[in-house]
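Every chain is numbered from 1, with letters handed out A, B, ... down the list of sequences. These values consider heavy atoms only, across backbone and side chains, with no hydrogens, waters or symmetry-generated copies.
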Number of protein chains: 2
Amino acid sequence: MQAKPTMEDVAHRAGVSRSLVSLVFQGADNVSDARRAAVLAAAEELGYRPNRLARNLAQGKSMTIGAVVDDLHNPFFGTVIDGVEQHLTQHGYQLMIANGARDAEVTVAAASTFNELQVDGIVLIGARGPMEPLYDLARRVPTAMIARQIKSDLLDSVRVDEHVGSRLVIDHLHRLGHRSIAHIDGGEGASAGERREGYEIAMRSVGLEAHIDVVPGEFTHEAGAKAAVTLAERGSMPDAVFAGNDLIATGVWLQLERMDVSVPSDVSLVGYDDAPFIGIGQVGLTTIRQPSSEIGSRAAELLLDRIDETPDSGRHEAIAPTLVERSSTESA
Amino acid sequence: MQAKPTMEDVAHRAGVSRSLVSLVFQGADNVSDARRAAVLAAAEELGYRPNRLARNLAQGKSMTIGAVVDDLHNPFFGTVIDGVEQHLTQHGYQLMIANGARDAEVTVAAASTFNELQVDGIVLIGARGPMEPLYDLARRVPTAMIARQIKSDLLDSVRVDEHVGSRLVIDHLHRLGHRSIAHIDGGEGASAGERREGYEIAMRSVGLEAHIDVVPGEFTHEAGAKAAVTLAERGSMPDAVFAGNDLIATGVWLQLERMDVSVPSDVSLVGYDDAPFIGIGQVGLTTIRQPSSEIGSRAAELLLDRIDETPDSGRHEAIAPTLVERSSTESA
DNA sequence: CCATCGTGTTGGAGCGCTCCAATACGTGAA
DNA sequence: TTCACGTATTGGAGCGCTCCAACACGATGG
């Protein structure tokens, strides 16, 4: 690692002032061509790279946005990030990502670090845990939240209406003649609660309250497999399983197959998210599709608005999801 | 957004000097309990958060590492990141992630930004494109590379021996009696070239050079589906398909099913990476397992060593992968 | 020929912090 | 009581940059 040249070095070499070098690197237009060329040449020769840390400190802004993602392994979040990133780069912002590792404290810590790093805004993707620390954060730095139902003037949010999603699932299964429909939930995961609620509401509204059966889980493949075991150990399998998301669904599916229970002939299975890989194999997974990329870019848009001018109220948008019917579900 | 209090403000409120506040926040031990308490109280009351930007600038280090990931959607990279992150946090470093979006220029740009942001080190995960700009980067900031075969003293690297992996695949298929084995490659993706080479070498060594058939692809689900169409349009299907990675394999699989070609009875299919979801369904995908998390943590370890003390030579490690036999392959 | 203007350029202060040398202040030894 | 010493605290310089007021200077107009 050679010692890093600074603007001062470049200025000296080019025979101009530090200020002039600064102007050149900011792309100012009132710099004579000769000097500009001299500066650029000197910078090139020295291998000079601007120190953005110093620049950000001096300017008081960083043109970067921090995103904290609840789980990097969740393909849904991956697509959301695409949307966020696309919108941000279009507007000259840089996106920096940190992993929340499905842990509320890690999430808050990562977000705080972003704050201390003076990012211009923060996007929380599927953040879990108590809202208070997150509100506290939102008071300090413009924040947008994705995939969680909240109502606050401190930040904006975009999510899918999970009650509608759950309703679509239950209606679909009910129409196919299934009665005992178990739900494996996402535990503490963002929107896990709403999906669970939506499931219960929907079950009631089709007269299946007696069959309400929530198996506690997590938004992971492993939790899905574990839940399948739990179901099996109870003796009688339900007619159908509504998994909290696709990751859970694939875990359930794999485990059921291992136990010689087949999908869909023995049990119908529905996921949630429409991850890219779940159409695979003889049997595609019936699931709920969320416009993930759009959700991401919309959240980014709200965030940039908020950075421009802090509004006195929060904007909270909920988008209706749709059911994608494949072959992991069939009539009873 | 309330105006941000600075150390000066805290110092003033606590009736001490700015330096003392600094000492408290650095956890210095030679500060009297009374003053420390006063400082902490003042900070609390003002809602003070240290500005890490300023701190990093003054200290000349940031205790953060930047990772540029070729493709956030690739589950293999996700697990690699886990490994990297685990090792780094253990050693007090923070991990910041940026997306390379499967594009060499985006990758270099992201890495440069990290450099300008004065990160202490950079991890390139599956970086593609010409090495020159990456070497240039490695000259400025300690760098480690994952999943790409290189030989340079400027940086360290950890990867899987792709030739061994390809060899395992071909041997497996050959032993099952398959002869025409097509390979769908990962295009410009890191290690795509080595897998392709490995495929060709292995095919030759089992006497199948006449059947060498590389279908150009990309490390994505979509490219896999497209390649399946390409194969189908040629009239005769190969006996088996060796997909460049699991993403491609799932794409191929899905598309084959759509075209009524079944796996494995009509075509045996092998993937690469052992992504968590591919065991799903009646038929699990036979694939190559890489110890991804270990690869990540090992790379992080090499990087931290390099940060401690710049070595005059690069360390390049290659780990042998293993074959996981599931049911997407069967005898001819 | 001098005042006026505009384009280019510059020095200095400042962003919020760290770090070091210098200082203040007890405390125990002489 | 005095001196030396160690501990706690402080002011100032500096990290690499931006921004602004000030300035130099050739071109313009009366």
Side-chain angles (χ1 to χ4, degrees), chain A residues 1-40 42-43 46-64 113 115-120 140-141, chain B residues 1-40 42-43 46-64 113 115-120 140-141:
Chain A
M1 279 345 88
Q2 62 233 130
K4 294 180 187 173
T6 80
M7 263 194 180
E8 198 72 55
D9 300 327
V10 176
H12 187 249
R13 174 152 197 138
V16 299
S17 72
R18 189 190 57 256
S19 301
L20 212 244
V21 177
S22 172
L23 287 174
V24 169
F25 275 92
Q26 285 173 81
D29 50 349
N30 50 345
V31 174
S32 70
D33 291 345
R35 305 263 176 152
R36 180 190 309 279
V39 167
L40 257 20
L46 293 173
Y48 169 76
R49 293 282 137 145
N51 182 331
R52 271 185 57 163
L53 224 63
R55 168 186 251 256
N56 294 346
L57 181 61
Q59 285 196 145
K61 64 176 180 187
S62 62
M63 292 307 282
T64 83
T113 301
N115 178 214
E116 292 176 10
L117 249 17
Q118 312 301 113
V119 296
D120 292 338
R140 304 170 180 279
V141 49
Chain B
M1 278 349 83
Q2 61 233 130
K4 294 179 187 172
T6 81
M7 263 192 181
E8 198 72 56
D9 300 327
V10 175
H12 187 251
R13 175 153 197 138
V16 300
S17 74
R18 190 191 58 255
S19 300
L20 211 247
V21 178
S22 172
L23 287 174
V24 169
F25 276 90
Q26 284 174 81
D29 50 348
N30 52 345
V31 173
S32 69
D33 291 345
R35 305 264 178 153
R36 180 190 308 279
V39 166
L40 257 20
L46 293 173
Y48 169 76
R49 293 284 138 144
N51 182 333
R52 272 185 57 164
L53 223 63
R55 167 186 251 256
N56 294 345
L57 180 62
Q59 287 195 141
K61 65 175 179 186
S62 62
M63 293 306 281
T64 82
T113 301
N115 177 215
E116 293 176 9
L117 250 16
Q118 313 299 115
V119 296
D120 293 338
R140 306 170 179 280
V141 49

- request: Measure from CZ on R35(B) to C1' on dA24(C) and round the result to the nearest Å.
  value: 11 Å

Between dT7(D) (C1') and L20(B) (CG): distance, integer Å: 13 Å

task: Please confirm whether the backbone N or O of Q118(A) pairs with a side-chain atom of S62(A), one donor and one acceptor, at under 3.5 Å?
output: yes

message: Any heavy-atom pair between the side chains of L117(A) and N56(A) that's under 4.5 Å?
response: no

Using a cut-off of under 3.5 Å, enumerate the N/O to N/O pairs linking the protein to nucleotides 14-17 of chain D.
| from | atom 1 | to | atom 2 | distance (Å) |
| --- | --- | --- | --- | --- |
| dC17(D) | OP1 | Y48(A) | OH | 2.5 |
| dC17(D) | OP1 | N51(A) | N | 3.0 |
| dC17(D) | OP2 | M7(A) | N | 2.5 |

query: Out of curiosity, R13(A) CZ to E8(A) CD, how far, rounded to the nearest 0.5 Å?
result: 15.0 Å

task: With the side chain counted from C-beta on, respond yes when R55(B) and Q26(B) share a heavy-atom pair under 4.5 Å apart, and no when they do not.
output: yes

Check: N51(A) and T6(A) side chains under 4.5 Å, non-hydrogen atoms: no

message: Check the phosphate of dT7(D) against S32(B), side-chain N and O only, distance under 4.0 Å to OP1 or OP2. Yes or no?
response: no

statement: To the nearest angstrom, the CG-C1' distance between L23(B) and dA8(D) comes to 9 Å

Nearest-nucleotide pick for S19(A), side chain only, options being dG11(C), dG8(C), dT10(D): dG11(C)

task: May I ask you to decide if G47(B)'s main-chain N or O and R140(A)'s side chain share a donor-acceptor pair within less than 3.5 Å?
output: yes

